[in-house]
Asker: 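Take this structure, written in structure tokens, and hold onto it; I'll ask about it next.
Side-chain atoms are counted along with the backbone in the values below, which use heavy atoms only and exclude waters and symmetry mates. Proteins get letters first, then strands, A, B, ... in listed order; numbering begins at 1 in each.
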Number of protein chains: 2
Amino acid sequence: MPTSGSGVNKPGAAAGHGRAAGVGKNKTRLTIADIAREVGVSPSAVSFALNGRPGVSEATRTRILQAAERMNWHPHSAARALGGAPAGAVGLVLARPTRTLGAEPFYAQLIYGMQSVLSARSVALLLQVVDDTDAELVVYRRWAGEQRVDGLLIVDPQTKDPRISAVEALGVPAIVLGGHGKHGELPTVWADDREAMLETVRYLAALGHTRIAHVAGTPAFQHTQRRIRALKDAAGQLGLVETQSVPTDFSDGEGAAVTRRLLSQPDAPTAIVYDSDLMAVAGLGVATEMGVRVPGELSIVSFDDSVLTRVVHPAITALSRDTHALGVQVAEALLRIVEEPGTVGDIKAATPRLTVRESTAKPGR
Amino acid sequence: MPTSGSGVNKPGAAAGHGRAAGVGKNKTRLTIADIAREVGVSPSAVSFALNGRPGVSEATRTRILQAAERMNWHPHSAARALGGAPAGAVGLVLARPTRTLGAEPFYAQLIYGMQSVLSARSVALLLQVVDDTDAELVVYRRWAGEQRVDGLLIVDPQTKDPRISAVEALGVPAIVLGGHGKHGELPTVWADDREAMLETVRYLAALGHTRIAHVAGTPAFQHTQRRIRALKDAAGQLGLVETQSVPTDFSDGEGAAVTRRLLSQPDAPTAIVYDSDLMAVAGLGVATEMGVRVPGELSIVSFDDSVLTRVVHPAITALSRDTHALGVQVAEALLRIVEEPGTVGDIKAATPRLTVRESTAKPGR
DNA sequence: ACGAGCAACTAAAGCGCTAAAGCAGCTGGG
DNA sequence: CCCAGCTGCTTTAGCGCTTTAGTTGCTCGT
């Protein structure tokens with residue numbers, strides 16, 4: 001039965017209700033009825049046995065489990081979900097405006113960490129990459145409507161984030177990553193960027209730096225704002241008048257461009273803090289190209305750590321955290337809120353610690 | 001109804017049939033029955049209308065579509081799937097032995113490209129990261145048994161790959177990425193690594209290099225073997241006797257270690273070709289650290305391109321391909337084979353082209 | 001010795017959707 | 001004028017599983 005597409009989702013028609021692509025095979029599936037027949041009991045007995053509920057004797061249960069194992073039976077996820085069971089999946093949408101995605105190992109590490117929890121519980125991860133927040137909302141609505149996911153992870157919370165209220169309205173359990181501050185009723189897993197930034201500035205100031213620049217990320221993100229504010233506060237406390245934060249779009253291109261601009265100034269900064277490892281590496285590339293020695297004439301700190309910072313030379317001093325562990329923490333919180341809504345509060349993840357490498361030193365001259 | 005876990009998946013019992021975590025909410029869903037009531041027709045009429053099949057008048061169809069739109073209805077994916085419809089999802093498993101994952105932008109780019117095709121067709125992507133091939137097979141079996149995916153993408157084909165026959169046995173449509181050679185009946189999307197390697201060696205030889213080293217990837221991968229063989233062949237043709245391929249595990253650590261070893265040799269190579277961009281950057285870091293000037297004393301070529309190669313200084317000459325476009329191609333092939341098995345043959349993707357940057361030059365001295 | 005109570009099962013309904021079959025009302029050819 | 005053959009719907013059954021409501025056949029207390 002080919003999905004004879006005639007008339008499905010005509011341009012004009014109410015959009016979006018066509019069926020997804022694909023046609024399954026109809027080699028009849030192995031069902032609990034087959035197991036029931038094999039063992040000589042009713043399908044319900046099989047269901048009881050497989051789900052560990054009372055109603056079957058231990059002897060029968062064992063025979064059923066063995067038969068299921070032997071026949072290599074697996075529950076049909078759709079059939080379970082239809083009965084009101086959870087979908088057995090959580091969703092993650094990454095909204096990236098450009099093709100820059102992927103150079104930042106952060107999400108890959110995070111996903112890897114999440115998987116170690118999710119796969120142990122046989123929960124699948126639905127991943128979608130979209131262009132902007134609007135598209136992200138569409139995906140959430142579809143997933144919720146199709147009952148495809150039991151929970152959502154919302155990343156990169158923004159100031160006045162439209163996703164929060166939208167997801168709350170959908171009634172899908174969700175965790176916000178990195179959203180300390182306003183994030184509605186949704187719990188968050190957050191790290192103390194503020195403290196991390198303060199530590200960094202104190203460290204640079206102690207080395208003798210006074211002209212510190214901050215190549216920040218997207219200003220719309222909450223964590224970017226927190227870092228900018230922290231830098232300003234630290235500067236105030238330490239009496240550093242020449243600090244500045246320059247917002248970017250997190251791309252290597254802007255990171256490089258801003259670095260070039262900063263280093264061409266008459267009073268060029270002697271230290272630059274980058275909000276991502278990719279931008280830090282790009283900045284290092286620019287400095288090298290311009291003949292500015294690192295760390296002799298310029299100290300570089302990355303606000304995010306990964307192989308990237310260790311692989312270049314000089315290796316970059318960075319605020320490192322165990323992103324894998326963060327993924328674990330996030331996934332656990334997510335499963336928890338799916339199972340028992342209301343029992344999860346905000347969770348503070350470990351504060352990134354400054355890992356000093358070769359890219360920082362006393363200011364030159 | 002709490003999943004009173006008593007007895008579920010006891011260590012000894014036949015493993016793996018417990019239900020996935022989570023408990024959905026029971027705020028009763030919007031169903032086609034609601035739409036039917038609203039419009040004043042039967043549920044089947046609604047079904048017909050929504051799926052664009054004959055059996056309803058255009059007038060009624062329009063009213064139904066409008067009602068569905070207005071009420072923000074979405075089909076329950078499980079209910080559809082239960083009726084034998086496809087799951088509306090494809091699966092991708094990445095097997096990575098270490099935490100190195102994520103530093104290579106390749107998969108992120110690939111996924112992003114795939115998404116642009118998949119999301120347009122409302123097909124979800126199930127992603128799983130596992131530790132090894134055995135775990136990968138387990139996931140395939142579970143997904144197939146649970147009928148969670150309509151198709152699979154198998155990446156990094158190996159020589160004598162156990163996954164091929166396993167997936168064929170499962171009867172799930174699948175595409176192999178990069179598997180020109182033996183890959184059973186499964187079609188592949190492949191790039192001509194051989195030609196790319198030949199071009200690279202010809203280019204280096206033309207510059208005057210004779211001692212060319214190749215820091216290869218995992219020898220078990222088919223594409224690694226193809227590249228190693230290509231280098232050997234090119235060396236034979238061009239009369240370069242001092243070429244060598246050194247296998248690694250694709251990690252930055254081994255890339256750096258091998259580079260260090262190569263550069264410490266009495267007759268150190270004057271050019272090194274790295275099988276991944278991450279290793280190339282690591283190699284560049286080592287060279288810089290050892291005081292070996294690039295490209296003055298050492299030329300570096302990366303067999304994979306991404307921001308990484310452009311972000312460092314000197315920017316690295318690389319074999320670039322449009323990974324995003326490759327993702328598009330792969331996703332299209334995958335959807336095609338899901339819909340019409342047997343109509344997809346091997347597909348040759350664009351051959352990576354050599355993008356010359358600053359890391360290659362005539363050999364010094 | 002007899003019914004209450006329980007253990008161990010079976011029968012049947014239902015989840016939301018699709019698909020096959022059924023059934024009105026109309027048209028038109030012989 | 002009658003019925004084959006439409007169109008446009010409704011009814012019904014069924015996908016694989018869970019779950020509630022039985023239904024046996026015991027055991028046990030009195």
Side-chain angles (χ1 to χ4, degrees), chain A residues 1-4 8 17-20 23-24 26-37 39-64 68 73-88 145-148, chain B residues 1-4 8 17-20 23-24 26-37 39-64 68 73-88 145-148:
Chain A
M1 50 214 74
T3 310
S4 66
V8 193
H17 299 319
R19 40 198 315 187
V23 169
N26 35 9
K27 184 204 282 184
T28 51
R29 257 188 65 88
L30 194 64
T31 76
I32 54 169
D34 298 317
I35 302 178
R37 207 173 314 113
V39 179
V41 291
S42 73
S44 357
V46 175
S47 174
F48 290 149
L50 293 169
N51 291 295
R53 12 190 60 242
V56 283
S57 65
E58 269 315 312
T60 311
R61 183 187 305 277
T62 307
R63 278 190 302 142
I64 291 173
W73 173 91
H74 287 262
H76 192 301
S77 58
R80 275 195 165 164
L82 191 52
E146 295 181 348
Q147 219 92 322
R148 257 180 199 282
Chain B
M1 50 218 70
T3 308
S4 66
V8 192
H17 299 319
R19 39 194 319 185
V23 168
N26 35 9
K27 184 203 282 186
T28 51
R29 257 188 64 87
L30 193 65
T31 75
I32 54 169
D34 298 318
I35 302 178
R37 206 174 314 113
V39 178
V41 292
S42 73
S44 350
V46 175
S47 175
F48 289 149
L50 293 169
N51 290 295
R53 20 187 52 247
V56 283
S57 65
E58 269 314 311
T60 312
R61 181 188 306 275
T62 306
R63 278 191 302 142
I64 291 172
W73 172 91
H74 287 262
H76 192 302
S77 57
R80 275 195 166 164
L82 190 51
E146 295 181 348
Q147 218 92 324
R148 257 180 200 281

Asker: How close or far is atom C1' of C:dC15 from atom CD of A:E146, stated in whole angstroms?
Answerer: 17 Å

Asker: Measure the distance from CD on B:E58 to P on D:dG8 and round it to the nearest whole Å.
Answerer: 9 Å

Asker: Can you see if the side chain of A:R53 gets near the phosphate of D:dT18 - specifically, an N or O under 4.0 Å from OP1 or OP2?
Answerer: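 No.
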
Asker: Round to a whole Å and report the spacing from CD1 of A:I64 to C1' of C:dC9.
Answerer: 10 Å

Asker: I want to verify a distance call: between D:dT18, C:dT18, C:dC17, whose nearest atom is closest to the B:A79 side chain?
Answerer: C:dC17

Asker: Hey, does the side chain of B:R29 reach the backbone of A:E146 with a donor-acceptor pair shorter than 3.5 angstrom?
Answerer: no

Asker: Roughly how far, to the nearest 0.5 Å, is the CG atom of B:L30 from the NE2 atom of B:H76?
Answerer: 11.5 Å

Asker: Looking only at non-hydrogen atoms, find the nearest pair between A:I32 and A:P43 and report the distance.
Answerer: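 Heavy atoms only, the tightest pair is CD1-O, 3.8 Å.
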
Asker: Is A:R80 near enough to D:dT18 that one of its side-chain N or O atoms lies under 4.0 angstrom from OP1 or OP2?
Answerer: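 For A:R80, the contact criterion (side-chain N or O under 4.0 Å from OP1 or OP2 of D:dT18) is met.
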
Asker: Can you measure from CG (B:L82) to OG (A:S77) and round to the nearest 0.5 angstrom?
Answerer: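 The OG atom of A:S77 is 9.5 Å from CG of B:L82, to the nearest 0.5 Å.
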
Asker: Measure CZ/B:R63 against P/D:dG8 and give the value in whole Å, please.
Answerer: 13 Å

Asker: For a side-chain contact (heavy atoms from CB on, under 4.5 Å) with A:V39, tell me which candidate from A:V46, A:D34, A:I64 qualifies.
Answerer: A:I64

Asker: Between C1' on C:dG14 and CZ on B:R29, what's the gap in Å once rounded to a whole number?
Answerer: 15 Å

Asker: Tell me what B:T31 touches on the nucleic acid: a base, only sugar-phosphate, or nothing, going by heavy atoms under 4.0 Å.
Answerer: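 B:T31: backbone/sugar contact only, no base atoms under 4.0 Å.
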
Asker: Looking only at heavy atoms, which two atoms of B:R148 and A:G88 are closest? And how far apart?
Answerer: NH2-O, 3.4 Å

Asker: What integer distance in Å separates A:N51:CG from D:dG16:C1'?
Answerer: 13 Å

Asker: May I have the distance from B:W73 (atom CH2) to C:dC17 (atom C1'), rounded to whole angstrom?
Answerer: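 It is 8 Å, rounded to the nearest whole Å.
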
Asker: If you only use heavy atoms from C-beta on, which nucleotide in D:dT19, D:dC17, C:dC9 is closest to the side chain of A:S57?
Answerer: C:dC9

Asker: Measure the CZ-OG distance between B:R63 and B:S57 for me, rounded to the nearest 0.5 Å.
Answerer: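 B:R63 atom CZ to B:S57 atom OG measures 7.5 Å (nearest 0.5 Å).
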
Asker: Please name the pair of heavy atoms, one in A:A81 and one in A:A87, separated by the smallest distance, quoted to 0.1 Å.
Answerer: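 Closest heavy-atom pair between A:A81 and A:A87: CB-CA, 4.5 Å.
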
Asker: Under 3.5 Å, which protein N or O atoms sit close to an N or O of nucleotides 10-12 of chain C? Give each pair with its distance.
Answerer:
residue : atom : partner : partner atom : Å
C:dT10  : OP1  : A:S42   : N            : 3.2
C:dT10  : OP2  : A:S42   : N            : 2.6
C:dT10  : OP2  : A:S42   : OG           : 2.6
C:dA11  : N7   : A:S44   : OG           : 3.4
C:dA11  : N6   : A:S44   : OG           : 3.0

Asker: Tell me which of B:T60 and B:L82 sits closer to the 5' end of DNA chain D, going by the nucleotide each one is nearest to.
Answerer: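 That would be B:T60.
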
Asker: To the nearest Å, give me how far apart CZ (A:R61) and P (C:dA8) are.
Answerer: 10 Å

Asker: Return the angle between end axes of the helix from C:dA1-D:dT30 to C:dG30-D:dC1, with five pairs used per end and rounding to 10°.
Answerer: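 Both end axes considered, the difference amounts to 60°.
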
Asker: Of all the nucleotides listed (D:dT18, C:dG16, C:dC17), which has the minimum atom distance to the side chain of A:S47?
Answerer: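 From the listed options, D:dT18 comes nearest.
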
Asker: Over all heavy atoms of both residues, which pair between A:L50 and A:A68 is shortest? Give the atoms and the distance, please.
Answerer: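 That would be CD2-CB, 4.0 Å.
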
Asker: Answer yes or no: is there a donor N or O on one side and an acceptor on the other, between the side chain of B:R61 and the main chain of B:A45, under 3.5 Å?
Answerer: no

